[in-house]
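Input: a single structure, listed below in structure tokens.
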Amino acid sequence: MGAGGNGGAVRADVVVLTALEVEYRAVRAHLEDPRVVQAERGALFELGVFREGAGERSVAIHMTGPGNPGAAVSVERAVAVFAPRAVLFVGVAGGRKDVALGDVVAADAVYDYETGKDTESGFLPRQKTYQSAYGLVQLARLVAAGDAWQRRIRSGDAAPRPYAHVKPLAAGGRVVAHHHSDVGLRLAASAGDALAVDMEGFGFLAGAYVNQQLDALVIRGISDLLGDKGEAHDERWQPVASRNAAAFAFELISRMPTADPLKSGPSAGTGRENSRRRNSHGGAVTAESSAALAERAATTLVSAMGTDLWQSTRDGVAMLFQRHAQDRESGVVALLDEDARTVDSVDGGEAGEVRRELVPVWRRRLFALLTAQPEAAADLRELVDRTAPQPSSGRQGWVQTNIARDQGTVYAVQGGNVIHYHQGLPAVPGTAGGDGQQH
């Protein structure tokens, strides 16, 4: 575990992922003061500043390596560490049709061309599709309609003026070298409107899909055309395509609103204040209080992992989704169990870091539920209050005793907060220390 595993203390407005070093360099050139941030399980990010006039945005970047699986995993780690408002995948792709070398494609959808059934008579596609976030696609259309993004292209060798397109891509694990190859023919039959082919876009959007309220978009520069590939060709056009895609991406970032919907607003206050605020309709809460309730519930949920409260809390969350979002229940239960196993698999202070990383992930998932199903707020609040009881307004209260021994660590749930107790080494005679400390 490193500095990034802090449940949101290191924040980024946007995370940009790339697969190749040439792509990473093109993106990094737009940032000031990039510094290394070590995230969970050894993944390394750099966090820098993108300045536009008087404003600035924090941008984290990470190189996933080629392939859909790595892209999906990297999205989950980026969300856990930085809690970004948006994630972008920026890099190169092979053009299929209607594009020229150096052009940019912002994907409104990405097809997985490899899913299907292989039979005696041939391959039967069972193509799956993920879509980019509607708001980012709309913003990409505005950027593509103008020329401002082209002025951000970093200096390089002379290349034709690029154009931008907002159209679908296709993604898979193969390098497609010709229109008449098996995959080339398959693409023509089942993904005819895809302008280009990449190897990470589908996995990237799949990773974003399981993190509700996270906007995601794939941006690709065309570095080769099907039937026109080679090492010399890549050496010439990959840097050009990478610079063009990065220029488009940062023009888009410059137009993103700067306010964080989960943190801003005239009535934003503390979690407990907002979670109790109701309107005249008897239980519906404001957008700000929905965010605060999601924060409090996520903290309570994650704090219960690895404790005696876990089973009842887990069952309560499963019941919540069964009642208000039945189509997502099985997926949520699987995520609950996976995260609980992760907490159980580590010891001491490392478990605390894992918990802090999981809180913003579950905050977003619960906020998405409250946004889609506002009536779920009452049930979620009841679950949180039952798991983390609050003292009454009168003189009565409650007492919770937590004891750490032998250099042990205890995590307790109090009022929706994680309370961390640590028992240090025994004191040396004549010095202070040795008592259990609360942090």
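The basis for the numbers below is simple: all heavy atoms, side chains too, and nothing from hydrogens, waters or symmetry mates. Just so we're clear, the structure is a prediction, and the values are computed from it rather than from any experiment.
At least one side-chain heavy atom of Ile153 sits less than 4.5 Å from a side-chain heavy atom of Pro162. For the pair Tyr134/Val137, no side-chain contact is recorded, criterion being any heavy-atom separation below 4.5 Å from C-beta on. Leu101 is not listed as a side-chain neighbour of Val240, based on a closest heavy-atom distance of 4.5 Å or more. Counting only heavy atoms from C-beta outward, the side chains of Thr129 and Val110 never approach each other to under 4.5 Å. Annotation: side chain of Thr300 is not in contact with side chain of Trp362 (no heavy-atom distance under 4.5 Å). Residues Lys128 and Phe202 are in side-chain contact: their nearest non-hydrogen atoms beyond the backbone lie under 4.5 Å apart. A heavy-atom distance below 4.5 Å is found between the side chains of Val317 and Leu301. Within the 4.5 Å cutoff, the side chain of Leu47 has no heavy atoms near those of the Val36 side chain.
Look at Arg365 and Glu76 and you find a salt bridge, because one of the NZ, NE, NH1 or NH2 atoms lies within 4.0 Å of a carboxylate O, short of that distance. In this structure, Arg141 pairs ionically with Asp108, as a charged nitrogen and a carboxylate oxygen lie closer than 4.0 Å.
For the side chain to side chain contact (heavy atoms under 4.5 Å, CB included) with Leu17, the qualifying choice from Ile61, Val75, Val90, Val218 is Val75, the only one to do so. A side chain to side chain contact (heavy atoms under 4.5 Å, CB included) with Glu23 holds for exactly one of Arg28, Met63, Arg220; it is Arg220.
Here Ala71 pairs with Phe89, Glu200, Phe204 under the side chain to side chain contact (heavy atoms under 4.5 Å, CB included) rule; sequence neighbours left out. Residues passing the side chain to side chain donor-acceptor pair (under 3.5 Å) test with Thr342: none are found, sequence neighbours excluded. Gln311 pairs by the side chain to side chain donor-acceptor pair (under 3.5 Å) definition with Asp315, not counting sequence neighbours. With sequence neighbours left out, Ala144 forms a side chain to side chain contact (heavy atoms under 4.5 Å, CB included) with Ala164, Val166, Phe248.
Closest heavy-atom contact between Pro84 and Ala78: CD-O, 3.7 Å. When all heavy atoms of Ser58 and Ala12 are compared, the closest pair comes out as OG-CA, 3.2 Å. Across every non-hydrogen atom of Leu139 and Leu252, the tightest pair is CD2-O, 3.6 Å. The two residues Ala107 and Ser132 come nearest to each other via the heavy atoms O-OG, 2.6 Å. Between Ile219 and Val104 the shortest heavy-atom distance is CG2-CG1, 3.8 Å. Between Trp310 and Ala304, the shortest heavy-atom contact is CB-O, 3.2 Å.
Residue Arg314 places its CZ atom among more than 12 non-hydrogen atoms of other residues, nucleotides or ligands, all under 6.0 Å distant.
Panel note: side chain Asp198, backbone Gly201; a donor-acceptor pair is recorded below 3.5 Å. Using a distance-only test at 3.5 Å, with no hydrogens or angles considered, a donor-acceptor pair links the side chain of Asp103 to the main chain of Ala100. Of the possible polar contacts, one joining the His62 side chain to the Leu44 backbone as a donor-acceptor pair under 3.5 Å is found.
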Just do the side-chain contact (heavy atoms from CB on, under 4.5 Å) check on Asp215 and Arg85 with the steps written out, would you?
CA-CA 7 Å; Asp215 290 342; Arg85 295 168 43 229; over 6 Å; no
Side chain to side chain donor-acceptor pair (under 3.5 Å) assessment of Asp379 paired with His324
CA-CA 10 Å; Asp379 289 339; His324 298 284; 2.7 Å; yes
Pair Arg57, Val49 - check side-chain contact (heavy atoms from CB on, under 4.5 Å), show working.
CA-CA 6 Å; Arg57 292 168 176 81; Val49 176; over 6 Å; no
Run Tyr24 and Glu46 through side chain to side chain donor-acceptor pair (under 3.5 Å) and show every step you take.
CA-CA 11 Å; Tyr24 190 86; Glu46 284 191 290; 2.7 Å; yes
With salt bridge (charged side-chain N to carboxylate O under 4.0 Å, His left out) as the test, would you mind laying out the steps for Glu32 and Arg51 before giving the verdict?
CA-CA 8 Å; Glu32 298 180 22; Arg51 289 189 170 90; 2.2 Å; yes
Apply the test side-chain contact (heavy atoms from CB on, under 4.5 Å) to residues Phe50 and Val14: give CA-CA distance (whole Å), side-chain angles for both, the deciding distance (0.1 Å), then the verdict.
CA-CA 10 Å; Phe50 171 59; Val14 181; over 6 Å; no
Could you give me the CA-CA distance, side-chain angles and deciding distance for Val59 and Asp13, then say whether side-chain contact (heavy atoms from CB on, under 4.5 Å) is met?
CA-CA 6 Å; Val59 178; Asp13 297 307; 5.9 Å; no
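How far CZ of Arg243 is from NE2 of His30: 10.0 Å, rounded to the nearest 0.5 Å. Separating the CZ atom in Arg363 from the CG atom in Leu358 is a distance of 13.0 Å, to the nearest 0.5 Å. Rounding to the nearest 0.5 Å gives a distance of 5.5 Å between CZ of Phe82 and CZ of Phe45. Distance check: Asp339 CG to Asp344 CG gives 11.0 Å after rounding to the nearest 0.5 Å. Taking OG of Ser223 as the start and CZ of Arg236 as the end, the distance is 12.0 Å to the nearest 0.5 Å. Taken from CD1 in Ile253 to CG in Leu136, the straight-line distance is 10.0 Å, to the nearest 0.5 Å.
Asp147 and Tyr163 are not linked by any side-chain donor-acceptor pair at a separation below 3.5 angstrom, with hydrogens and angles left out of the test.
Pairs passing the salt bridge (Lys or Arg N to Asp or Glu O under 4.0 Å) check and including a residue from residues 301-313, sequence neighbours excluded, do not occur. Residue pairs meeting the salt bridge (Lys or Arg N to Asp or Glu O under 4.0 Å) criterion with at least one partner in residues 246-256, sequence neighbours excluded, are Arg152-Glu251, Glu251-Arg255.
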